[in-house]
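These numbers come from a predicted model, not from an experiment. Sequence lines set the chain letters: A, B, ... in the order given, protein chains first and strands last, and positions in each chain run from 1.
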Amino acid sequence: MSFQAPKGTFDWLPPSSEAILAVREALAAPLRRAGYGYVETPVFEDTELFKRGVGESTDVVSKEMYTFPDKAGRSLTLRPEGTASVVRAVLQHNLHTGQLPVKLWYSGSQFRYERAQKGRYRHFWQVGAEALGSEDPALDAELIVLGARGFASLGLRQVKLLVNSLGDKNCRPAYRAALQEFLRGLDLDADTRARIEINPLRVLDDKRPEVQAQLTGAPLVVDHLCAACKSYHEEVRSLLTASGVAFEDDPRLVRGLDYYTRTTFEFVHGGLGSQSAVGGGGRYDGLSEVLGGPPLPSVGWALGVDRTYLAMEAEGLLGEAAPGRVQVYGVPLGDDARRRMFLLLSELREAGISADMAFGGKGLKGAMKGADRSGARFALILGERDLAAEAVQLKDLTTAEQTEVPLAQVADVLKGKVQ
RNA sequence: GUGGGUGUAGCUCAGUUGGCAGAGCGCCAGGUUGUGGUCCUGGAUGUCGAGGGUUCAAGUCCCUUCACUCACCCCA
C-alpha cells in the first residue's frame, strides 16, 4: 500500500456508499416539499467570512480550520460549516430583497481539523437548511419538524430532539454575566477558566463528570429570558407539540458557534460512539449584520450525513444493499461474440434495461459466476453457434430455464420480463 | 493538544516458553472442452507497519518511530 486517505478522512465504498446517497435524499426530501430551494456554494471561502460569521471565540475558528493562501496571497479556508456561506451568498446576490423568508437547502462536504474519532472526521458531510429574513416561531418549528421527518423517513426511531432558547441581545448579556459569576467560583482547570471569559455558555456542555457535578446549581438561561423571548419560545414549543414531534427541554443545551440566538436545538442519538449529535441548529438573528448585511433574522440547521449513517447502523437499518445491481448479464464466448454482446448491451441500456457483461475473456464457467454475482435475474449467453443462428440463449437464473431468442428481439422480450 | 488500545494474506483474525508463516472467508483454476449457486480438489497473494537492539535463532523480548482506532478536549 503506497498511499492512503489523509488522516481523519475515509472513502465511501459499495455497498455502504449506496446508503449515503439514500441518506442525503431522505434528509433533503422534506425540505423540497416545503419550498426550500437548492443552493450550492464554494467549498472554500475568504477566511474572514468564517472568522466573523462563526466567531473567533469558537474552537472551530481558533484551531480547527483548514486555512491556506492561494497563489495571489489571499487567505482561503475550507468551509467548516455551511451557514456563513449561505448568508454570504444571499447578501451577495440580494436574494433578501425579494419576498421573505428566503428558504434554501444545501448538501455538501465540510472540513474541520480535529483529532478523528468515531463519528467525527476531518472531512464530513452535512445536509443543511436555512430560512432567512423572517422572525416567526412557525418558521423555527417548521425546520425542526422537517428535520425530524427526515430522520423518521429513514426508519430511525431513537433520534431524540432537545430544545432550548438562548435568549437574545436584550436578555442574553445579563444571563451571561450571571453565569460567569457562578462559574468563576468553581474549581476548574485553566482552559475551562479561560472559556468562562470567552464563551461561558459552552462550559455547560462539558462532559467531564467532575465538571458536571459542579454545575448543578448553575443559573439557567430559561430563568433569564425576557418576555419576548419567553413567549417566542413557548410558541415554538406548542407548535412542535401540535405537530406530534416529541422533544425534550434541555436548559443546558448550547451551541458551539457564536451566532445562535433564541431557539436552539439538537437531534441526538446514542449509537455514535462518544458523539451524540446527528444534527443541530437554531436561530441566528444577528449573523447577517455581522457579515455587513441588513438585519435578517433567520433560522437553520445542519444534519450530519455520516453521523446519520452511523445512527442507522446502530439501529440495524442498513439492509443488504446491492450496489451496481443489474437486471441482465451478458456471457459472451469468444471474440466475435464479445463484440456482438457489447453492441447488444448498448441496445438494452438504451431501452432502459440495466445490463453488464463478463469482461476479460473469462471462460464460460467464470462468466456464469459473474452473472450469478451481479444479482442479475437473466443471463444472455452468446457463443459461435448462437451467432451463426443470429440468436442468444436467455437464461432465467432463478429457475435455470433457458430459451433461445433471436438477437433482434432480445430488447423487446426482456422488456416484458423485467419489471 | 492529552491519554488508552491495535498493527501478521484482499478481509476477519490465530500464532503457546523465542525454534520451518497459519486458519476461515474472498480470489483464481480444475472436477464439467457451451452453463452460475451447493459440493470436492488444487493454486496464488506476506517487507509479520517501519528502523534499530538482545540472541545460535525474534511475528514473539527491549528501544525508537509511523499508522490506524477509541476516548478527553471540541463538535454535525
### Message
Treating primed atoms plus P, OP1 and OP2 as sugar-phosphate and everything else as base, which nucleotides of nucleotides 24-42 of chain B get B, S or - for protein heavy atoms under 4.0 Å?
### Response
---SS--B--BBBB-----

### Query
Distance between the C1' atoms of B/G24 and B/U60, in whole angstroms?
23 Å

### Task
Would you kindly check if the NZ (Lys) or CZ (Arg) of A/Arg79 is within the cone defined by 45 degrees around the ring axis of A/Phe44 and under 6.0 Å from the six-membered ring centre?
no

### Query
Are A/Phe267 and A/Trp301 an aromatic pair by the rule of ring centers under 6.0 Å?
no

Roughly, in whole Å, what's the span from [atom1] in [X] to [atom2] in [N]?
X	N	atom1	atom2	result
A/Lys7	B/U69	NZ	P	8 Å
A/Met65	B/A76	CE	P	15 Å
A/Arg195	B/G1	CZ	P	17 Å

### Message
Tell me if the side-chain of A/Gln117 makes a donor-acceptor pair with the base of B/C73, cut-off 3.5 Å, by modelled atom types.
### Response
yes

### Message
On the side chain of A/Arg120, is there an atom forming a donor-acceptor pair with the base of B/C74 - under 3.5 Å, no angle test?
### Response
yes

### Message
Check whether A/His93 reaches the backbone of A/Leu95 with its side chain - one donor and one acceptor, N or O, closer than 3.5 Å.
### Response
no

### Query
At what distance, to the nearest 0.5 angstrom, does OG of A/Ser374 lie from CG of A/Leu397?
7.5 Å

### Query
How is A/Gly273 classified with respect to the nucleic acid when contacts are heavy atoms under 4.0 Å: base, sugar-phosphate, or nothing?
sugar-phosphate

### Task
Please work out if A/Tyr309 contacts a base, only the sugar-phosphate, or nothing of the nucleic acid, heavy-atom cut-off 4.0 Å.
nothing

